[in-house]
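Whatever order the structure lists ligands and atoms in, that order sets their numbers, starting from 1.
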Amino acid sequence: MAKLSDPVSILKGVGPAKVKQFAQLNIFTLRDLICHFPRAYEDRTKLVTIEKLEVDTPACFKAMVMNTPRVSHIRKGLDITKVQVADHTARLNLTFFNNRYVVDQLQYGKEYIFYGAVSGDFIGYNMTNPVFEALTSPPVTTRRVLPIYPLTAGLSNAAMLKAVRQALAICDPPAEILPEEVRRKFGILGADRAYYAIHEPNDMVEAELAKKRLIFEEFFVFSAGLSLMRAARAEKKTLPFTHLDLKPFLAALPFRLTGAQMRAIEEMRKDFAGGSPMNRLVQGDVGSGKTMVAAAAAYLAANNGKQSALMAPTEILAEQHYASMKKLFGPMGIRVGLLTGSMTPKEKRLTREAIASGEIQLAVGTHALLTDSTVFNDLGLVIADEQHRFGVAQRSRLSAKGDAPHLLVMSATPIPRTLALLMYGDLEVSIIDELPPGREPVDTFLVGESYRPRINAFIRKQVAEGHQCFVVCPAVEENEDLGIKAATVWADTLQQTVFPDLRIALLHGQMKGAEKEEAMASFARGEADVMVATTVIEVGVDVPNATLMVIEDADRFGLSQLHQLRGRVGRGGAKSYCILTSHNKNTETLQRLKALCKTTDGFKIAEEDLKLRGPGDFFGSRQSGLPTFRVANLSYDLQTLKDAQAASAQWIDEAGTKDTPEAIALRERIGELFLRAEGTMN
Ligand code: ADP
Ligand code: MG
């Protein structure tokens with residue numbers, strides 16, 4: 001018997017080339033392979049008659065070969081084999097390209113099972129390249145439900161299936177972790193069957209059951225893990241802060257904090273005064289002023305002799321935070337430092353020294369701040385901005401640090417409560433549900449292509465008034481299939497033909513990290529009038545001078561994503577606008593986009609999004625901070641998610657310490673989950 005942790009190379013037929021291909025798919029061990037679930041299935045279980053075959057709809061049928069297959073050599077590299085088959089309802093001509101073996105395999109007068117689609121472009125029906133099997137051979141490509149796997153270049157679906165089947169034959173599937181009560185209550189397939197059935201179900205009903213089970217299982221493990229993490233942290237002790245006066249800080253601010261900001265700060269203050277490390281998520285819409293909440297926390301830490309680390313997802317955001325923190329804290333005598341990857345080695349070394357000596361009280365930077373080479377003198381508070389890049393793995397790693405610093409995570413992604421529980425079950429949550437006063441909502445419009453001249457004129461007007469514009473496209477490069485706008489092409493068009501006199505900049509995800517940062521920084525400095533970009537601009541960059549956001553083919557984005565994008569404008573004093581364009585005529589789609597025009601409440605939008613698109617999009621998208629869900633590609637319903645969550649909460653309460661085989665296996669799985677998340681972190 002092999003172990004789940006054994007490398008795929010122990011399988012027969014898996015040599016170095018295959019190992020590489022599997023690695024492309026993040027498959028290294030037998031467990032990875034067994035957990036590489038099909039993305040879809042083809043139901044080839046039903047046999048139809050030839051008469052019932054529908055054009056372009058593949059199906060299985062049984063037929064007899066009516067003549068000896070004939071090969072014609074058309075030209076070099078092109079052979080065509082033709083053969084006629086029939087059942088009691090009709091005859092059908094089959095054509096095979098470059099498949100001479102057919103001649104040997106299909107015998108005159110014998111019956112076979114075929115799978116293929118008829119094309120209707122000839123007189124009568126014709127079928128090209130069907131797969132077939134003899135009646136007596138075991139069902140491999142016909143008479144079964146065929147799993148369709150996510151693949152990579154050089155790796156065929158058949159090869160994947162073969163490898164998975166072999167793996168399942170030589171080792172036991174992952175152990176059962178769901179308590180029997182839970183399985184019974186929710187009608188859930190046992191692990192011993194589910195891991196086989198997900199790959200080779202007897203029928204589509206079983207495929208669905210297996211899928212449900214595995215989705216349930218994954219959410220269950222994750223929720224349980226977060227609960228355990230939360231319980232473990234609650235047991236950690238830390239010295240309470242004793243200096244909790246915020247008056248000097250508040251007096252130094254150029255504005256009054258909103259009620260919501262004050263509430264969040266008050267909640268933090270209570271955490272600091274208690275004896276265990278804070279684990280708090282501050283959720284607030286774009287522009288709600290989360291940075292000031294972070295600043296208040298850093299202020300309190302400094303006054304209690306502790307260092308703080310403020311982490312941003314990108315260098316440019318880090319630099320922006322550094323500038324504003326320095327401005328705020330400089331006069332108060334709190335020393336702020338910056339540490340980013342693009343600094344020279346010498347600069348980095350000096351900064352690290354100042355962090356190690358405790359001279360720097362608030363260190364601002366990217367994730368580099370938390371690597372081992374950065375040693376703090378006395379780190380008391382870690383603040384992570386834009387949470388979705390700071391996932392559960394980082395959280396668990398952080399709390400594993402001996403000194404157990406307070407943790408403050410800030411997110412602008414309003415996540416519906418159901419999902420929030422799952423994703424941040426280990427955190428307390430403060431919500432900033434109020435924008436600073438005087439903030440005018442961004443006016444949002446949905447328009448069709450006939451408005452193009454007006455859009456262009458409007459861009460021109462904004463620029464003439466000294467403002468800047470974003471134009472967001474759904475794709476980087478031209479893609480004929482979809483006919484959607486590509487950033488590279490559109491930037492070119494705008495520069496060459498529409499606005500030859502304006503400065504057009506380009507930003508997309510395929511650019512190198514440093515290039516991206518520079519493009520963004522340059523735009524923030526006002527060195528371009530219009531920035532054509534993909535969604536890479538989504539994360540918190542502040543260009544207060546930008547007053548117009550045009551989103552091309554807006555129907556391509558989720559509502560929450562559109563809302564995030566829209567949050568890139570309206571950050572300065574000037575009135576701002578968002579224009580959504582769409583060719584889409586679907587009423588529902590347009591309804592969805594119109595909803596966005598009417599509301600600016602991120603939570604409402606997120607709930608709406610969840611209803612319309614299902615949770616898959618939340619987990620599937622980069623935003624979730626949960627890159628490790630294997631089921632993210634399987635579609636699933638919200639109810640399963642809720643059930644899994646409820647079940648795991650109950651399990652933790654009632655049976656968290658039980659030593660049943662399931663409980664032991666679950667604890668093991670939780671450990672692996674967080675380890676794996678850790679591995680994929682950077
Ligand atoms: P976000 O929550 O998106 O991180 P920021 O913290 O960047 O928002 O704040 C957005 C802008 O609002 C900043 O320019 C900030 O200085 C300003 N701001 C924050 N709080 C207030 C307030 N209470 N009154 C007025 N302006 C504020
Ligand atoms: Mg922010």
Side-chain angles (χ1 to χ4, degrees), residues 246 249-268 280-299 308-331 336 362 364-366 383-390 408-415 429-442 470 520 524 537-547 549 560-561 563-576 578 600-603 605-606 623 625:
L246 270 170
F249 172 81
L250 296 175
L253 295 181
F255 39 68
R256 274 175 64 115
L257 293 184
T258 63
Q261 283 171 314
M262 284 308 289
R263 269 197 302 281
I265 291 173
E266 206 40 54
E267 282 162 357
M268 281 188 329
R280 188 164 289 281
L281 169 73
V282 172
Q283 237 187 0
D285 225 332
V286 277
S288 61
K290 293 182 291 294
T291 317
M292 282 306 135
V293 175
Y299 174 85
S308 304
L310 170 54
M311 290 189 300
T314 64
E315 296 212 346
I316 166 154
L317 258 184
E319 277 161 23
Q320 266 184 13
H321 279 322
Y322 171 66
S324 53
M325 291 297 158
K326 212 174 147 156
K327 199 163 126 200
L328 174 65
F329 284 131
V336 185
L362 169 57
V364 183
T366 49
I383 305 164
D385 194 9
E386 302 301 343
Q387 157 285 328
H388 47 277
R389 305 288 180 86
F390 190 74
L408 177 63
V409 177
M410 298 190 291
S411 171
T413 316
I415 289 166
V429 180
S430 297
I431 290 178
I432 308 190
D433 52 3
E434 184 182 352
L435 292 182
R439 202 65 70 72
E440 266 190 89
V442 176
F470 287 108
M520 202 60 228
I537 57 159
E538 212 176 289
V539 171
V541 170
D542 206 16
V543 184
N545 191 40
T547 51
M549 162 75 55
S560 294
Q561 201 174 18
H563 179 63
Q564 286 289 304
L565 287 167
R566 175 168 65 179
R568 300 298 107 224
V569 296
R571 301 168 79 84
K575 176 80 198 159
S576 296
C578 176
T600 51
D601 180 334
F603 281 95
I605 292 167
Q623 300 199 8

request  = Just say parallel, tilted or perpendicular for the rings of Tyr299 and Phe329, cut-offs at 30° and 60°.
outcome  = parallel
inquiry  = Check this for me: does any side-chain nitrogen of one of Asp433 and Arg263 sit under 4.0 Å from a carboxylate oxygen of the other?
reply    = yes
query = With Leu310, which of Val336, Leu362, Thr291 fulfils side chain to side chain contact (heavy atoms under 4.5 Å, CB included)?
reply = Leu362
ask   = Counting from 1, what ligand 1 atoms have a heavy atom of Thr258 closer than 4.0 Å?
value = 23 (N)
request  = Under 4.0 Å from a heavy atom of Arg256: give me the atoms of ligand 1 that qualify, with their elements.
outcome  = 22 (C), 23 (N), 24 (N)
ask   = Are the side chains of Val569 and Thr547 in touch, meaning some heavy atoms are under 4.5 Å apart?
value = no
request  = For Thr291, take its heavy atoms, then give the atoms of ligand 1 lying under 4.0 Å from any of them.
outcome  = 4 (O), 5 (P), 6 (O), 7 (O)
query = Got more than 12 heavy atoms from elsewhere within 6.0 Å of NZ, Lys327?
reply = no
task = Return yes or no for this condition: an N or O of Gly289 is under 3.5 Å from an N or O of ligand 1.
result = yes
inquiry  = In this structure, does ligand 1 have an atom that sits under 4.0 Å from one of the heavy atoms of Gly284?
reply    = no
message = I want to know if ligand 1 touches Pro437 in the polar sense, i.e. an N/O pair below 3.5 angstrom.
response = no
ask   = What atoms of ligand 1 come within less than 4.0 Å of a heavy atom belonging to Leu257?
value = 23 (N)
remark   = Applying ring-ring contact (aromatic ring centres under 6.0 Å, His included) to Tyr322 and not counting sequence neighbours gives none
ask   = Just which atoms of ligand 1 are under 4.0 Å from any heavy atom in Ser288?
value = 2 (O), 8 (O)
task = For Asp285 and ligand 1, answer yes if some heavy atom of the residue is under 4.0 Å from a ligand atom, otherwise no.
result = yes
query = Hey, is the main chain of Gly289 close enough, under 3.5 Å, to the side chain of Gln261 for a donor-acceptor pair?
reply = yes
